[in-house]
Amino acid sequence: MDRRAAGAAAVTAVLWASAFVVIRDAAPHFSAGALAEGRLLSGAVALLLFLVLRGEGLPGRGAWPGIVGSGLLWFGGYMVILNWGEKLVDAGTAAMLVNIGPILIALLGGWLLNEGFPPRLLLGMGVSFAGAVVVGVSTSGAGTSSLLGIVLCVAAAISYAGGVVLQKPALRHGSALQVTTFGCVIGAVATLPFSGQLLDGLRTAPTSSVIGMVYLGLFPTALAFYTWAYALSRTTAGRMGATTYVVPTLVLLMSWLLLGEVPTALTLVGGALCLAGVAVARSKRPNVAPRSPVRLTRTRQDGDVI
């Protein structure tokens, strides 16, 4: 990736990490579907306004299958399923299960998008996933997980991976802003059946939780999904998926600084493994300059070179 794409990926990671902290305040006051709908509606309005200001219209026809697929699977399905699953399992278990997603992205990208299976990418993702497991074990609560919650978190990971793989080819036919905007709109439309629950939540939730929901729509959704699409258009789906393993470490730091939640030594080890795995996955094989062919010569007795 070039520097701008790398910067966009960094913005995505920081904002997605902040979402986990904000959701802790907003989620108890909204149902899973209502929180997803409020977040997506806020994000869709902001993205549509930005699209109009930029003077961008509709994307090309070839982008729509990927936009619709990612809108339903990722923007809509993933957010609702994950919100629901996190109400039934503890945060550590949810983090472990959802982090299956980047591995699925690499496998699906290598198979369906012909990105191949670079050994460094697979090794780095293995190291990062091990770190996510360590973080999850160190933060899991005893006896707070249910079978339904585990199934939902796995389903969320599958939905997330499928949405990313569908979004990648759409970026060949539309800009990052177009693909993100209309994917978010489709996700918002898909969550409209939860409108009654959203209205009930808005009437009873404290102001801080409502502000948190709007924040989730404007920044971790509108801005972060846009910067994600921008970076994804300039690299492979597998490598972009690997960068999301930075998120658990950022969540630990933010929780430490903002919520006073001091991580354990085991949690810090897991975070370090996540970062190390991302570094390996993002690294490139060193270029080895080809050796110059050795020219063999011999000299005749009269001094001429043969």
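Keep in mind it's a predicted model, so treat the numbers as computed, not measured.
Here the shortest heavy-atom pairing between Pro65 and Gly62 reads CD-O, 3.6 Å. Listed here is the closest heavy atom pair of Gly38 and Met213: CA-SD, 3.7 Å. The shortest non-hydrogen separation linking Gln178 to Leu51 is CG-CD1, 4.0 Å.
Within 6.0 Å of atom OH in Tyr230, more than 12 heavy atoms from other residues, nucleotides or ligands are found, so the atom counts as buried in its surroundings. Within 6.0 Å of the CZ atom in Phe219, the count of heavy atoms belonging to other residues, nucleotides or ligands does not exceed 12.
The side chain to side chain donor-acceptor pair (under 3.5 Å) contacts involving residues 189-199 comprise Ser31-Gln197, Glu37-Ser195, where partners must be two or more places apart or lie in separate chains. Among residues at least two apart or in separate chains, there is no salt bridge (Lys or Arg N to Asp or Glu O under 4.0 Å) pair with a member in residues 178-192.
Cluster membership for Val11 and Tyr245, using ILVMFWY side-chain heavy atoms within less than 4.5 angstrom, is not shared. When hydrophobic clusters are built by joining Ile, Leu, Val, Met, Phe, Trp and Tyr residues whose side-chain heavy atoms come closer than 4.5 Å, directly or via intermediates, Met125 is grouped together with Ile158. There is no path of hydrophobic side-chain contacts, each under 4.5 Å, that joins Leu218 to Phe20.
In summary, of the residues considered (Tyr78, Phe225, Trp16), a ring pair (Phe, Tyr, Trp, His ring centres under 6.0 Å) with Tyr160 occurs for Tyr78 alone. Of the residues listed (Ile67, Leu73, Val179), the one engaging Gln167 in a side-chain contact (heavy atoms from CB on, under 4.5 Å) is Val179, and it is the only one. Among the candidates Thr221, Val214, Leu198, the single residue satisfying the side-chain contact (heavy atoms from CB on, under 4.5 Å) test with Leu41 is Leu198.
Considering only heavy atoms from C-beta on, Leu15 comes within 4.5 Å of Leu223 through its side chain.
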